[in-house]
Amino acid sequence: MQHIAAARLRSQANDLNSMISSIRGYYASAVVRRILENHGTDTQVIHNYESVPGAIPIPATLSLELGRVIADKQSNVSYRFISDYPFRGRSAHTLDAFESKSLAALRADPEQPPLILATSSGTASKVRLIAPVLMGAACVQCHNRHPDSPKTDWKIGDVRGLQEIEIQDEISTSLWSFKYSLAYFLLAAATGLGFILMQRRQNALIRGMNDELASANDFLASVSMKISHYLSPQIYRSIFSGEMEVSLRTQRKKLTIFFSDIKDFTALTESLQPEALTELINEYFTAMSGIAIRHGGTIDKFIGDALLVFFGDPESKGTAEDARACLRMAVEMQKALFELNLRWRKRGVEAPLMVRMGINTGYCNVGNFGSSDRMDYTILGAEANLAARLQSIAPPGGITASYETYALVRDIAAGHALPPVHMKGIAREVVPYVIDGLVDEEGNTTQVFTHSGDGHDLYLDLGRIDADAARNLRGVLHQAISALDNKT
């Protein structure tokens with residue numbers, strides 16, 4: 001390739017040198033010599049300069065004669081000046097289709113780049129370049145006054161005509177420069193053909209393997225999606241991302257544990273058909289699970305109608321923030337349960353579901369428990385048992401937390417302490433706290449009142465009631481109280 005480039009550069013250098021020599025010779029004989037012979041006096045610039053001593057050619061005549069001079073010395077380069085307004089006494093210029101089209105286009109837009117036409121035929125290729133010849137101030141003055149000029153209204157910037165450069169190149173003259181490249185390409189082609197034949201065999205084998213892998217991947221993706229429904233999203237992501245080892249390993253962490261249970265669920269099972277009960281409990285767990293996942297809780301397990309969720313593993317935002325997230329989750333669950341009860345009542349469920357909730361914060365063992373054949377990612381420890389015990393003493397529809405949890409959430413929640421109690425399996429005395437509501441940005445407690453029974457179902461969230469609604473509700477409650485007073 002270096003040899004080819006060097007040969008082309010040498011050819012271009014020779015062509016340029018010959019053109020410059022031709023132009024220099026023409027300038028010496030047609031301009032300098034004529035001025036010197038006339039002793040530099042009365043020099044005229046005219047188109048028929050040869051008939052007047054000391055005269056020199058105008059630019060148009062210079063262009064025409066340069067074309068002949070260059071063509072005499074260069075067999076592959078030609079220069080031509082073309083105009084559709086030749087001076088009187090000169091033969092008209094014949095324009096082909098490309099030249100006529102170029103002249104019209106350049107007169108419409110003289111500022112556009114030169115127009116180029118490339119053609120090839122056999123072993124020869126040809127390039128034609130056409131650029132406009134623009135009228136300058138001196139040219140306008142001369143043409144508009146000259147008696148032989150066919151047009152006398154020229155303006156500065158008008159297109160007088162065209163100058164065309166044509167270059168031809170015979171491929172055969174440079175073909176020998178490619179001998180090394182041709183030999184290389186032939187060798188490469190033979191090698192490539194053999195490689196292609198081998199690749200075709202390998203591609204067939206690889207396609208078969210890819211089809212098997214695609215089928216296996218589809219199967220694994222399907223299995224993975226099914227497994228995801230049996231694991232908490234955090235555990236699922238940790239296992240399939242490789243962050244968690246599937247082995248019998250545990251660690252001790254400080255967690256916030258949530259335990260909930262439906263009040264009088266046994267009585268509910270007796271009043272509903274199994275199909276209706278299954279639909280109701282699945283709808284309940286679906287709503288509660290969505291809330292738990294949204295707040296970042298790890299769903300441990302469903303135990304009958306009970307739900308166990310913990311915060312702090314495998315993802316944690318810190319002990320205090322984990323406790324706050326757990327409490328917010330519990331409050332939202334109670335609100336969602338009220339909406340579910342309204343929906344179920346329309347479907348014929350007479351007794352509303354009331355859920356007790358307990359929250360505790362403390363150290364537990366968390367990890368994989370079980371055997372090498374069957375294991376479960378869960379928590380173990382007295383603090384988990386305490387959350388279940390706190391749930392059992394919570395009021396229906398209420399939330400009871402341990403002191404450890406209440407101390408972490410007292411900036412966002414209000415509550416009141418119950419008398420200290422001793423609980424089964426817990427050595428220390430426990431001070432339970434009933435959560436009265438969350439605290440808003442202004443420091444006010446958002447109170448929620450709930451109570452259900454035969455003939456009544458009360459859920460009152462003061463944080464969601466504005467002044468107008470409060471006035472209307474107060475009137476309804478006064479009427480209800482008056483009616484109750486009459487009952488007694």
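Index from 1, following the sequence. Being a predicted model, the structure only gives us computed values, none of them experimental. For the numbers below, each heavy atom of this structure counts, side chains included, while hydrogens, waters and symmetry mates do not.
Annotation for Leu353 and Leu268: closest pair CD1-CD2, 3.5 Å, computed over non-hydrogen atoms. Between Val421 and Pro432, the closest heavy-atom pair is CG2-CG, 4.0 Å. Annotation for Ile130 and Ser102: closest pair CD1-OG, 3.8 Å, computed over non-hydrogen atoms. Scanning both residues, Tyr406 and Gly415, for their nearest heavy atoms gives OH-N, 3.3 Å. Contact record, Cys364 with Ile379: CB-CB, 4.5 Å, taken as the closest heavy-atom pair. Listed here is the closest heavy atom pair of Val133 and Gln163: CG2-N, 3.8 Å.
Looking at Thr269, its side chain does come within 3.5 Å of a backbone N or O of Thr266 through a donor-acceptor pair. At distances below 3.5 Å, at least one donor-acceptor pair connects side-chain atoms of Ser392 with backbone N or O atoms of Arg389. Asn368 places no side-chain N or O within donor-acceptor distance of the main-chain N or O of Met375, the cut-off being under 3.5 Å. When atom types are taken as modelled, the side chain of Glu99 and the backbone of Asp96 share a donor-acceptor pair closer than 3.5 angstrom. Glu315 places no side-chain N or O within 3.5 Å of a backbone atom of Thr298 that could act as its donor or acceptor partner. Between the Arg107 side chain and the Val159 main chain, a donor and an acceptor come within less than 3.5 Å of each other. Under the 3.5 Å distance criterion, the side-chain polar atoms of Ser482 are matched with a main-chain donor or acceptor of His478. The closest donor-acceptor contact from the side chain of Gln391 to the backbone of Ala388 lies under 3.5 Å.
Applying the 6.0 Å contact sphere to CD of Gln251 captures more than 12 heavy atoms from other residues, nucleotides or ligands. Heavy atoms from other residues, nucleotides or ligands lying under 6.0 Å from OH of Tyr363 number 12 at most. Within a 6.0 Å sphere centred on CE of Met209, heavy atoms belonging to other residues, nucleotides or ligands number 12 at most. Remark: Phe195 CZ is loosely packed, at most 12 non-hydrogen atoms of other residues, nucleotides or ligands lying under 6.0 Å away. Within a 6.0 Å sphere centred on CD of Glu429, heavy atoms belonging to other residues, nucleotides or ligands number more than 12.
Annotation: side chain of Val434 is in contact with side chain of Leu418 (closest heavy-atom distance under 4.5 Å). Pro395 has its side chain within reach of Thr400: a pair of non-hydrogen atoms, C-beta onward, lies under 4.5 Å apart. For the pair Met329 and Val309, the minimum side-chain heavy-atom distance is below 4.5 Å. With contacts defined as side-chain heavy-atom distances shorter than 4.5 Å, the pair Leu438/Leu327 qualifies. Side-chain contact between Asp411 and Val439 is absent, with no heavy-atom pair separated by less than 4.5 Å. With contacts defined as side-chain heavy-atom distances shorter than 4.5 Å, the pair Leu408/Thr361 qualifies. Between Met135 and Ile156, the closest side-chain pair of non-hydrogen atoms is not below 4.5 Å. Residues Thr405 and Leu390 are not in side-chain contact: their nearest non-hydrogen atoms beyond the backbone lie 4.5 Å or more apart.
Note that the CD atom of Glu404 and the OG1 atom of Thr319 stand 12.5 Å from one another [nearest 0.5 Å]. Taking NZ of Lys301 as the start and CZ of Phe310 as the end, the distance is 8.5 Å to the nearest 0.5 Å. Once rounded to the nearest 0.5 Å, the distance linking CG of Leu473 with CZ of Arg471 reads 12.0 Å. Here CD of Glu166 is found 11.0 Å from CG of Leu129. Values are rounded to the nearest 0.5 Å. Distance check, rounded to the nearest 0.5 Å: CG of Asn385 to CG of Asn360 gives 10.0 Å. In this structure, CG on Asp436 lies 10.5 Å from CD1 on Ile399, to the nearest 0.5 angstrom.
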- Task: Test Asp322 against Lys253 for salt bridge (charged side-chain N to carboxylate O under 4.0 Å, His left out), laying out the working first.
- Result: CA-CA 12 Å; Asp322 290 341; Lys253 282 189 175 182; over 6 Å; no
- Message: Using the rule given for side-chain contact (heavy atoms from CB on, under 4.5 Å), can you reason through Phe311 versus Ile359, listing the C-alpha separation, both sets of side-chain angles and the distance that settles it, and then say yes or no?
- Response: CA-CA 11 Å; Phe311 289 74; Ile359 303 176; over 6 Å; no
- Derivation and outcome, side-chain contact (heavy atoms from CB on, under 4.5 Å), residues Ile281 and Phe302: CA-CA 11 Å; Ile281 198 65; Phe302 305 107; over 6 Å; no
- Query: Is there a side-chain contact (heavy atoms from CB on, under 4.5 Å) between Met288 and Leu340 once you walk through the steps?
  - Reply: CA-CA 11 Å; Met288 299 301 107; Leu340 287 173; 4.2 Å; yes
- Task: Report the C-alpha separation of Met333 and Leu337 in whole Å, then their side-chain angles, then the decisive distance to 0.1 Å, and conclude whether the side-chain contact (heavy atoms from CB on, under 4.5 Å) test is met.
- Result: CA-CA 6 Å; Met333 283 181 174; Leu337 182 61; over 6 Å; no
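Below 30°, between 30° and 60°, or above 60°: for Tyr403 and Tyr433 the angle between ring planes is between 30° and 60°, a tilted geometry.
Look at Lys254 and Glu383 and you find no salt bridge, because none of the NZ, NE, NH1 or NH2 atoms lies under 4.0 Å from a carboxylate O. With respect to the salt-bridge test (charged N to carboxylate O, under 4.0 angstrom), the residues Arg324 and Glu321 qualify.
For Glu283, the side chain to side chain donor-acceptor pair (under 3.5 Å) test picks out Arg343, Trp344, Arg347, with sequence neighbours left out.
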